[in-house]
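Reading through the C-alpha cells given below for one structure.
Sequence positions, counted from 1, serve as the residue numbers for this chain.
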Amino acid sequence: MYCVMIGRSPPVMNHTEGGLVIFSANSHPSSREISKRIGERLGVELGKVQVYQEDNRETRVQIQESVRGKDVFIVQTVSKDVNSTIMELLIMVYACRTSCARSITGVVPYFPYSKQCKMRKRGSIVSKLLASMMCKAGLTHLITMDLHQKEIQGFFNIPVDNLRASPFLLQYIQEEIPDYRNAVIVAKSPASAKRAQSFAERLRLGIAVIHGEAQDAESDLVDGRHSPPTVKTTGGIHLRLEIPLLIPKEKPPITVVGDVGGRIAIIVDDIIDDVVSFVAAAETLKERGAYKIFVMATHGILSSDAPKLIEESAIDKVVVTNTIPHEHQKLQCDKIQTVDISIILSEAIRRIYQGESMSYLFRHIGLED
C-alpha cells in the first residue's frame, strides 16, 4: 500500500515575482473552496479575475492582472451547470492565451462528459470533442483525476497527468474504519473488478463481485458495433451475403461471487451519480449477511434525488472526494462524507511549475489501477 503525502513543506511562491498565477475559473463559492486550499498550500494568493454571466446567459471573463510571460494554472471544478462550467474554462484559457501567457495548465479534477467516451448508436464521442476544444482554446497541459477511462488521455495532443485519489480513500479506510480488517472490497459489477482488486491487494483484504445486475449504459448492447444491418442483404452482382447474428445476452439472477457474511462490505467505484445501482447492490449485500456497507468513489456527482435515496437505503456511509462540490447534497444526507485531495493537486502544480518530475505522484501505480 502506498500513500501520497508530501514529505516537505512546499516553498512559498509569490505569483507576482515568481511568474506563477493561479486562477479559479468558477465564481460559485463552494467551487472556489478547493482553489483556495490549493493556494494556501502553495503560499500563493489566487489571481484576480471576474467570471460571471450576463442577462442573456453569455459568460464573460475579465482577467484583472497581467499574465504576460507567466505560467498560469486555472482550477475549474464542475458545478451543477456543467455546460456553463466548460464555457468558463474555455473562455478563460483563451483570454490567457491572447494575453501572452507562457503556459496555461488546466486543473480539472473531474473531467466532464467523461462517460461519453465510447461510440454509441448514432452518437458521438463527446469527451474527444471537449478535449479538442480545450486544446484549440490554448491549453498546454491538463491535470485531472481518475478519468472514467484512461484512454481519454489519447484524445489530447498535450500532456495529461491523470492523478489518483485511491491513496486518500485507502487512508480513510485504515483510519476511520476501526475493524476494516474484517472488511471485503466489493465490485458492484464485473466492469469495476480491477479497481476493487487494486484496493483489496493494497489493504490485504478479500474481494467480492456482484454479477447479474440490470443492464446499464456501459453495455455493448448500445455499442456502435451494432450499427451493421442484422438482416440478409443482396447487392447488385454480388452473391447473397448472410451476416451471422449473435445470440442475445440474458442476464442471470443476481449473485455475489465471494463471502460477505458477517463482514463489512466496501463498494468502490470512480463515479457515483445515479445511486440506484449502488442502493440495489447494498440491498443484495445486506441479504447476504454484510453488517456494514460503505460506498467509496472519487467523484461524487450525486445528482437528482441521490441524497434522499442514500438516506433511505441500507448504505451506512458514502465517502467521496472534493473533486466536485457537493455541500448541498451533504445538507440533505448525513451519510455523505468528504475526503480532501487538494494536497496532491497542489503538489502537482508545484512540480510542474518548478520543472520537477511527476513520477513521485505515480509511485506503485500499475496499468490496471
Side-chain angles (χ1 to χ4, degrees), residues 12-113 126 129-145 156 158-161 322-328 342 345-346 348-350 352-353:
V12 176
M13 296 180 286
N14 187 296
H15 74 281
T16 59
E17 297 175 359
L20 171 68
V21 183
I22 299 178
F23 287 124
S24 177
N26 197 303
S27 57
H28 192 277
S30 61
S31 297
R32 288 176 60 86
E33 183 62 30
I34 191 170
S35 304
K36 291 179 181 178
R37 293 190 181 192
I38 290 172
E40 290 171 357
R41 292 185 183 277
L42 294 174
V44 177
E45 292 185 3
L46 294 181
K48 297 176 182 178
V49 61
Q50 281 189 341
V51 183
Y52 60 93
Q53 287 188 341
E54 296 182 339
D55 294 338
N56 61 359
R57 302 292 292 173
E58 288 185 359
T59 300
R60 184 173 291 274
V61 173
Q62 293 182 346
I63 298 175
Q64 298 177 317
E65 62 181 89
S66 175
V67 296
R68 182 179 293 273
K70 295 184 179 180
D71 297 305
V72 176
F73 291 82
I74 302 175
V75 182
Q76 177 65 307
T77 55
V78 178
S79 63
K80 187 175 181 180
D81 189 354
V82 60
N83 295 323
S84 294
T85 298
I86 293 170
M87 285 307 300
E88 287 177 2
L89 177 62
L90 294 175
I91 294 172
M92 181 171 287
V93 169
Y94 189 66
C96 292
R97 175 187 175 186
T98 55
S99 298
C100 300
R102 185 171 71 172
S103 66
I104 307 168
T105 301
V107 184
V108 187
Y110 170 67
F111 187 74
Y113 286 97
V126 183
L129 170 64
L130 184 54
S132 300
M133 292 167 64
M134 288 182 175
C135 295
K136 188 69 175 178
L139 208 65
T140 60
H141 200 134
L142 178 68
I143 300 173
T144 187
M145 180 165 284
F156 291 84
I158 59 174
V160 177
D161 288 311
N322 56 344
T323 56
I324 299 175
H326 50 266
E327 295 302 320
H328 180 66
S342 62
L345 297 176
S346 304
I349 291 173
R350 188 191 70 79
I352 290 173
Y353 175 66

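Side-chain polar atoms of S99 and R68 form no donor-acceptor pair below 3.5 angstrom. In the model, S103 has no side-chain atom that pairs as donor or acceptor with a side-chain atom of T140 under 3.5 Å.
The heavy-atom pair separating N322 from S342 by the smallest distance is OD1-N, 4.4 Å. Residue V67 comes nearest to C96 through the heavy atom pair CG2-O, 4.2 Å, listed as atom of the first residue, atom of the second, then distance. For the residue pair V21 and G47, the shortest heavy atom distance occurs at CG1-CA, 4.3 Å. Shortest non-hydrogen contact noted between M92 and I63 is O-CD1, 4.4 Å.
Residues meeting the side-chain hydrogen bond (donor to acceptor under 3.5 Å, both in side chains) test with T144, sequence neighbours left out: none.
Taking the side chain as every heavy atom from C-beta outward, P112 and L130 approach each other to under 4.5 Å. By the 4.5 Å heavy-atom criterion applied to side chains, V72 and F23 are counted as neighbours. Within the 4.5 Å cutoff, the side chain of Q76 has no heavy atoms near those of the V107 side chain. With a 4.5 Å cut-off on side-chain heavy atoms, I352 and D161 count as touching. Between V75 and I22, some side-chain heavy-atom pair lies under the 4.5 Å cut-off. Side-chain contact check for I38 versus I349: some heavy-atom pair is nearer than 4.5 Å. Here the side chains of Q62 and Y52 are in contact, with some heavy-atom distance below 4.5 Å. By the 4.5 Å heavy-atom criterion applied to side chains, L20 and F73 are counted as neighbours.
Within the model, atoms CD1 of I86 and CE of M133 stand 7.0 Å from one another, a figure rounded to the nearest 0.5 Å. How far CD of E33 is from OG1 of T77: 10.5 Å, rounded to the nearest 0.5 Å. Note that CD of E88 and OG1 of T59 are 5.5 Å apart. Values are rounded to the nearest 0.5 Å.
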- Task: Kindly indicate, with the supporting measurements, whether the criterion salt bridge (charged side-chain N to carboxylate O under 4.0 Å, His left out) is fulfilled by K36 and E40.
- Result: CA-CA 6 Å; K36 291 179 181 178; E40 290 171 357; over 6 Å; no
- Derivation and outcome, side chain to side chain contact (heavy atoms under 4.5 Å, CB included), residues V78 and Y113: CA-CA 10 Å; V78 178; Y113 286 97; over 6 Å; no
- Task: Take V49 and V61, measure what side chain to side chain contact (heavy atoms under 4.5 Å, CB included) needs, and give me the verdict at the end.
- Result: CA-CA 7 Å; V49 61; V61 173; 3.9 Å; yes
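For H326 (side chain) and I324 (main-chain N/O), a donor-acceptor pair under 3.5 Å exists by modelled atom type. Distance alone, capped at 3.5 Å, places no donor-acceptor pair between the Q53 side chain and the R60 backbone. Although no hydrogens or angles enter the test, the distance criterion places a donor-acceptor pair under 3.5 Å between the side chain of E65 and the main chain of K48. Without hydrogens or angle criteria, S346 side chain to L42 main chain gives no donor-acceptor distance under 3.5 Å. Listed for the R32 side chain is no donor-acceptor partner under 3.5 Å among the backbone atoms of A25.
Counting heavy-atom neighbours within 6.0 Å of D55 CG, excluding the residue itself, gives a total of 12 or less. By the 6.0 Å contact criterion, CZ on F156 is enclosed, its count of non-hydrogen atoms from other residues, nucleotides or ligands being greater than 12.
Screening V93, I158, I104, L89 against M134 for a side-chain contact (heavy atoms from CB on, under 4.5 Å) leaves a single residue, L89.
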